[in-house]
Amino acid sequence: MKQDGKTGMVLVTFAVVLWSLAAGFHFNLWGRQARPADIALVDTNFLSTATARVSAAELFATPGADTSDFDCYVCHEKNKPPTLRYDSAGQLLVPTEHKDIVMGHGSHGRNNNCFNCHNESKLDTLQTRDGRELKITDSPSLCGSCHGPTFRDWEAGVHGRTGGYWDTKLGGLTFKPCTACHDPHHPKFPGRKPAPGPNLLHPASG
């Protein structure tokens, strides 16, 4: 009987404490924390997974895509390499038909020649510095013939856009080709606005 009395007192005390806390919260006896400022929405550009450009490899792999820009012999004559023309300063004169091309591959004008990369004997293919013929879609092999360290980084997945699975037991890796990000005629990647830093869910008060 004595034990039951103690239990009853404990329950009563517990109920009083709960009611006191409830009353305190209801009447805001301890004050309320100020509502944190709204977190600004992230610019959707930072959420996009698209690459800066669409490579020839991706274009040719897309059913129904317009690949007419790569049909060189609509305008050029086969077995007759086009003549390159230069101004008095030795700068390549880009023909009007290719006015969208901005030449700027390298800081010393060493690639100021279409045929450093394009095969003058077969315009719809590429050629490496050691004379290997490549498909127009094989930009990594072409770039790698000059940019060896970067190419090896790309193969290892530490340069460029890598997708798929790091754990190859679950699936393979995917690699975006060089020209999915770099303009081959002017490959320096433009500066980008940095993404915003993380926002604390519970910022420290003043």
Side-chain angles (χ1 to χ4, degrees), residues 45 48-164 172-193:
N45 288 330
S48 173
T49 58
T51 52
R53 305 178 74 252
V54 177
S55 68
E58 293 170 299
L59 198 62
F60 276 91
T62 304
D66 181 9
T67 58
S68 59
D69 283 349
F70 297 92
D71 192 356
C72 306
Y73 291 112
V74 167
C75 299
H76 293 284
E77 186 178 341
K78 286 189 177 181
N79 303 317
K80 186 179 179 181
T83 301
L84 300 183
R85 293 180 173 82
Y86 299 85
D87 63 16
S88 58
Q91 295 298 310
L92 179 72
L93 294 172
V94 179
T96 305
E97 293 81 4
H98 294 295
K99 62 183 178 181
D100 57 320
I101 293 175
V102 176
M103 295 296 288
H105 195 137
S107 57
H108 302 290
R110 293 172 184 160
N111 274 321
N112 192 18
N113 185 322
C114 304
F115 302 137
N116 281 2
C117 297
H118 293 277
N119 185 350
E120 67 269 32
S121 300
K122 194 176 179 185
L123 294 175
D124 52 1
T125 64
L126 304 170
Q127 62 183 357
T128 63
R129 61 185 301 181
D130 56 1
R132 287 178 292 127
E133 183 180 294
L134 300 172
K135 292 181 179 179
I136 200 76
T137 55
D138 192 6
S139 62
S141 295
L142 175 68
C143 301
S145 69
C146 289
H147 303 282
T150 305
F151 178 69
R152 289 189 287 275
D153 286 346
W154 177 81
E155 286 186 306
V158 295
H159 179 96
R161 179 70 64 81
T162 307
L173 289 172
T174 59
F175 299 88
K176 293 289 186 179
C178 308
T179 52
C181 294
H182 299 279
D183 182 335
H185 303 105
H186 197 277
K188 185 177 180 181
F189 206 75
R192 300 184 71 184
K193 179 183 175 183

As a quick check of understanding, evaluate side chain to side chain contact (heavy atoms under 4.5 Å, CB included) for Phe70 and Leu123, giving each step before the final call. CA-CA 9 Å; Phe70 297 92; Leu123 294 175; over 6 Å; no
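- For the side chain to side chain donor-acceptor pair (under 3.5 Å) condition, the pairs that include at least one residue of residues 67-92, sequence neighbours left out, are Asp66-Ser68.
- Remark: Glu120 engages no residue in a salt bridge (Lys or Arg N to Asp or Glu O under 4.0 Å) (not counting sequence neighbours).
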Which pairs of donor and acceptor atoms, one on a side chain in residues 53-64, lie under 3.5 Å apart (sequence neighbours left out)?
| residue | atom | partner | partner atom | Å |
| --- | --- | --- | --- | --- |
| Arg53 | NH1 | Thr179 | O | 2.7 |
| Arg53 | NH1 | His182 | O | 3.4 |
| Ser55 | OG | Glu58 | N | 3.2 |
| Ser55 | OG | Glu58 | OE1 | 3.0 |
| Glu58 | OE1 | Ser55 | N | 3.1 |
| Glu58 | OE2 | Lys176 | NZ | 2.7 |
| Thr62 | OG1 | Glu58 | O | 2.7 |

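- Annotation: side-chain hydrogen bond (donor to acceptor under 3.5 Å, both in side chains) contacts of Asp130 (sequence neighbours excluded): Thr128, Arg132.
- For the pair Phe115/Pro82, a side-chain contact is recorded, criterion being any heavy-atom separation below 4.5 Å from C-beta on.
- Between Ser145 atom OG and Arg129 atom CZ the span is 7.0 Å, to the nearest 0.5 Å.
- Partners of Asn119 according to the side-chain hydrogen bond (donor to acceptor under 3.5 Å, both in side chains) rule, which considers only residues two or more places apart in sequence or in another chain, are Thr125, Glu133.
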After noting the C-alpha distance and the side-chain angles of Leu126 and Lys135, does the key distance pass the side chain to side chain contact (heavy atoms under 4.5 Å, CB included) rule? CA-CA 6 Å; Leu126 304 170; Lys135 292 181 179 179; over 6 Å; no
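- Proximity of Phe151 to Cys143: side-chain heavy atoms (C-beta onward) are nowhere separated by under 4.5 Å.
- Looking at His105, its side chain never comes within 3.5 Å of a backbone N or O of Pro187 through a donor-acceptor pair.
- By the side-chain contact (heavy atoms from CB on, under 4.5 Å) test, Ser141 is found to be paired with Leu134, Asp138, residues two or more places apart in sequence or in another chain being considered.
- Among residue pairs with one or both ends in residues 145-161, none qualify as salt bridge (charged side-chain N to carboxylate O under 4.0 Å, His left out); sequence neighbours excluded.
- Note that the CG atom of Asn111 and the NE2 atom of His186 stand 12.5 Å from one another [nearest 0.5 Å].
- The side-chain hydrogen bond (donor to acceptor under 3.5 Å, both in side chains) search around Thr150 returns none, not counting sequence neighbours.
- Here Arg192 pairs with Phe189 under the side-chain contact (heavy atoms from CB on, under 4.5 Å) rule; sequence neighbours left out.
- By the side-chain contact (heavy atoms from CB on, under 4.5 Å) test, Cys117 pairs with Leu142, sequence neighbours left out.
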